[in-house]
Visitor: 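Structure provided below as structure tokens; questions to follow.
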Amino acid sequence: MRIAVVSDGRGGGRLRALGSATEAGGSLWRVGDLAGAIADYEEHTGGRARWVWASTEEFYPALMGHSLRISRCHDVALVESLLLAYHGRFGEPRSLGAAWARLHGREAPPDPQQRAGEGAEPPPALFEPDLSTLPPDVDRLTALIEVHADQQRRIAELPHPSRFALLCAVESAGALAAVEMAHAGVPWRADVHDAVLSEQLGPRPSGGTRPRVLADLAERISAEFGREVNPDSPAQLLKAFAGIGHPVESTRSWALERVDHAVVPLLLRYKELSRLHAANGWAWLDTWVSHGRFRPDYVVGGVVSGRWATRGGGALQIPKVVRRAVVADPDWTLVAADAGQLEPRILAAVSGDTALAAAAGTDDMYAPLAESFGGDRQRAKIAMLSAMYGQTGGDAAPLLRTMRRVYPRAMAYVDDAARAGEEGRLVRSWLGRTCPPPSRMWRRIVFGDAAPAEGGAETAPAADPRDGERQARSRGRFTRNFVIQATAAEWALVFMAAVRRHLTGLDTAHGVPQLVFFQHDELVLHVPRAIADSSVECLRAAADEARTLLFGATPVRFPLDIAVVECYADA
DNA sequence: TTTGGAAGCCAC
DNA sequence: AAACGTGGCTTCCAAA
């Protein structure tokens with residue numbers, strides 16, 4: 001049962017049930033308490049309603065503010081985005097207003113840009129102002145129903161409608177989970193974080209000065225160079241190294257490691273600590289952690305491959321040392337589940353390579369692979385990653401020859417994707433997420449297309465003929481990886497949606513189990529200790545469900561590394 | 001003064 | 001060992 005819903009911006013709204021036959025004739029409710037009405041209906045249907053709305057980001061935070069959790073939705077903006085991309089129109093405006101405008105032959109208005117959430121915000125009590133970009137004289141509910149029906153039709157016309165429908169469902173479920181995770185927050189011990197910082201950097205400095213350890217290092221670095229050098233400045237460092245007779249081509253750590261000079265260890269240590277201080281130091285703690293929670297602002301589908309991005313806070317780059325501060329509440333525990341070797345397993349499943357699928361039927365697929373590489377697991381791993389990332393330099397070439405011989409269909413799968421990319425074509429994930437088309441600039445460089453006439457600047461600067469080749473290969477690496485990474489991302493979404501659903505079946509006598517963190521192929525739950533074991537069962541069942549939903553009967557396994565821990569650093 | 005690219009390092 | 005994909009974020013630094 002699908003129900004279209006719009007808010008009136010004052011806490012109320014309108015809903016209409018979308019019947020399969022009488023789409024326009026379903027019953028209409030006008031309610032003063034929208035959250036209450038949705039809650040009633042969720043309960044009444046046992047969570048089987050699918051709410052159709054313009055945008056989860058716009059709608060769901062307010063419902064969370066009423067402690068309401070909904071089961072399923074159809075996010076019109078996210079689905080529109082997927083459909084546009086499918087037809088080579090990646091990145092065009094996707095809000096309800098834009099979809100409606102295209103449907104009526106009008107010019108689509110640009111999407112409203114999302115404000116960068118600065119730190120932890122309280123959930124809004126009311127629904128967000130209308131961000132749909134519909135013209136003011138258009139009825140929101142009518143437009144929503146119209147666009148939704150059109151999306152359903154466009155999905156039905158695709159070559160694999162049920163796959164794409166699954167993609168739309170899990171993308172939408174992901175949007176729900178993202179809001180819920182932002183609401184719950186990652187349990188974060190500011191005192192532990194502060195202790196880690198103090199231990200590494202010295203006591204917290206006052207007023208934006210360098211912490212003591214960094215200041216000491218900077219001083220010793222200058223002393224070694226025999227001149228005042230700001231170690232944060234690559235330009236000054238290059239000059240300084242030249243000045244002491246050790247010219248370097250860059251100041252990257254791996255380049256400096258080759259230099260035999262007493263300043264190098266000091267500098268490497270400085271870089272490491274300076275990074276910690278700048279990215280996850282006291283300022284970050286003040287901004288992003290409050291009341292014992294870190295609330296990442298996830299951007300669902302924010303990466304072309306369908307991985308999530310974040311807006312501020314850097315939730316997807318929490319360094320290992322800082323994870324010591326992620327500690328479960330008393331009587332609660334963290335359950336961290338990591339899908340090991342996800343991408344090579346995905347390749348095994350999508351390519352139908354029987355040999356690779358057999359390897360992926362084991363817990364460590366690099367072990368059977370190693371047999372083809374003289375028993376060298378490390379070389380097997382590099383070979384696998386080279387195949388998926390398009391690495392050709394280093395030792396990759398001979399390893400890839402072996403891969404082509406032993407796993408011909410898997411290699412053909414990624415090689416085909418690479419060729420498509422080099423030729424400017426689109427590639428798709430298993431469920432139909434589609435990569436962006438090449439840019440106009442790319443077509444100009446690779447195909448020699450005419451530059452767009454713009455202010456008479458018709459003549460392109462003389463390009464190196466090798467640029468075309470280089471650009472083509474670069475896009476080939478992108479599409480080669482896209483088919484894997486995007487499918488891995490959708491495995492993770494299907495998995496997360498299943499976990500989310502299974503968790504609602506658990507005993508909540510000791511508290512409600514929460515998804516709190518998601519990072520590409522890893523999901524962290526925060527649950528009462530009493531239900532830790534049943535949470536683990538949920539995770540295992542969900543992983544199995546994801547495999548079957550995506551790939552049916554396949555020998556490929558997707559084993560989870562699950563850790564039940566107090567502290568995330570111990571996972 | 002603001003802005004945006006480049007460099008560098010963090011995560012997967 | 002470091003020419004291998006997706007990102008975010010901070011600092012520096014030159015240009016507007």
Side-chain angles (χ1 to χ4, degrees), chain A residues 116 208 210 214 229-238 248-258 267-268 270-281 283-284 287-288 296-299 301-323 338-344 346-347 378-379 381-397 399-400 414 417-418 421 427 429 433 435-436 466 469-470 473-489 491-492 517-524 568:
Chain A
R210 265 189 190 132
L214 282 179
V229 173
N230 175 5
D232 289 319
S233 166
Q236 288 185 32
L237 284 177
L238 288 181
V248 287
E249 71 277 19
S250 87
T251 62
R252 289 182 176 88
S253 298
W254 60 261
L256 299 185
E257 276 164 14
R258 300 158 157 193
L267 203 42
L268 293 176
Y270 178 90
K271 279 171 170 284
E272 190 185 344
L273 293 178
S274 156
R275 162 88 195 174
L276 172 66
H277 178 241
N280 295 99
W284 182 92
T287 307
W288 291 100
D297 190 6
Y298 293 105
V299 185
V303 178
V304 288
S305 62
R307 274 154 52 144
W308 291 6
T310 54
R311 250 184 310 250
L316 302 180
Q317 311 134 250
I318 301 299
K320 299 264 159 66
V321 281
V322 172
R323 296 182 182 187
D338 186 300
Q341 306 170 347
L342 179 56
E343 293 191 345
I346 290 291
L347 174 57
Q378 191 55 31
R379 286 190 0 148
K381 188 172 172 178
I382 291 170
M384 191 74 238
L385 296 176
S386 300
M388 294 188 301
Y389 290 159
Q391 179 178 342
T392 52
D395 311 334
L399 298 178
L400 286 176
V414 286
V427 296
S429 71
R433 193 188 300 272
C435 78
R466 282 168 305 186
E469 181 75 2
R470 199 158 55 220
R473 289 211 180 281
S474 168
R475 187 161 191 276
R477 285 193 300 275
F478 164 58
T479 51
R480 171 188 293 272
N481 185 251
F482 182 94
V483 295
I484 304 302
Q485 189 181 112
T487 304
W491 182 92
F517 190 57
F518 174 57
Q519 185 168 234
H520 311 312
D521 59 1
E522 186 180 0
L523 192 59
V524 180
Y568 188 31

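Each chain gets a letter, A, B and so on, in the order its sequence line appears, and its residues count up from 1.
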Visitor: Using a 4.0 Å heavy-atom cut-off, does A/N230 contact any base of the nucleic acid, only the sugar-phosphate backbone, or nothing at all?
Guide: sugar-phosphate
Visitor: Sugar-phosphate atoms are those with a prime plus P, OP1 and OP2; base atoms are the rest. Using that split, label each nucleotide of nucleotides 3-12 of chain B B, S or - for protein heavy atoms under 4.0 Å, 5' to 3'.
Guide: -----BBBSB
Visitor: Quick one: side chain to side chain donor-acceptor pair (under 3.5 Å) partners of A/R480, sequence neighbours excluded?
Guide: A/D415
Visitor: Using a strict cut-off of less than 4.0 Å between a Lys/Arg side-chain nitrogen and an Asp/Glu carboxylate oxygen, indicate whether A/R275 and A/D232 qualify as a salt bridge.
Guide: no
Visitor: Would you indicate what A/T392 reaches in the nucleic acid, counting non-hydrogen atoms under 4.0 angstrom: base, sugar-phosphate, or nothing?
Guide: sugar-phosphate
Visitor: Are the side chains of A/L214 and A/Y270 in touch, meaning some heavy atoms are under 4.5 Å apart?
Guide: yes
Visitor: According to side-chain contact (heavy atoms from CB on, under 4.5 Å), who are the partners of A/T251, at least two apart in sequence or on a separate chain?
Guide: A/P234, A/L237, A/L238, A/K271
Visitor: With a non-hydrogen cut-off below 4.0 angstrom, is A/A235 in contact with a base, only sugar-phosphate, or nothing?
Guide: sugar-phosphate
Visitor: What distance do A/L400 atom CG and A/Q391 atom CD have between them, rounded to the nearest 0.5 Å?
Guide: 8.0 Å
Visitor: Contact class for A/G313 vs. all strands (heavy atom < 4.0 Å): base, sugar-phosphate, or nothing?
Guide: sugar-phosphate
Visitor: Please work out whether the ring planes of A/F518 and A/W308 are parallel, tilted or perpendicular, with thresholds of 30° and 60°.
Guide: perpendicular
Visitor: When you match A/T310 and A/Q236 each to their closest nucleotide on DNA chain C, which lands nearer the 5' end?
Guide: A/T310
Visitor: Distance under 4.0 Å to a non-hydrogen atom of chain A counts as contact; along DNA chain C, which nucleotides mark the start and end?
Guide: C/dA2 to C/dC13
Visitor: Name all residues meeting the side-chain contact (heavy atoms from CB on, under 4.5 Å) criterion together with A/T487; count only those two or more places apart in sequence or in a different chain, and write none if there are none.
Guide: A/I346, A/V350, A/S429, A/W430, A/E490, A/F551
Visitor: Does A/S233 reach a base, just sugar-phosphate, or nothing at all? Heavy atoms under 4.0 Å.
Guide: sugar-phosphate
Visitor: Once salt bridge (Lys or Arg N to Asp or Glu O under 4.0 Å) is applied, do any residues pair with A/E469, and if so which ones, sequence neighbours excluded?
Guide: A/R473
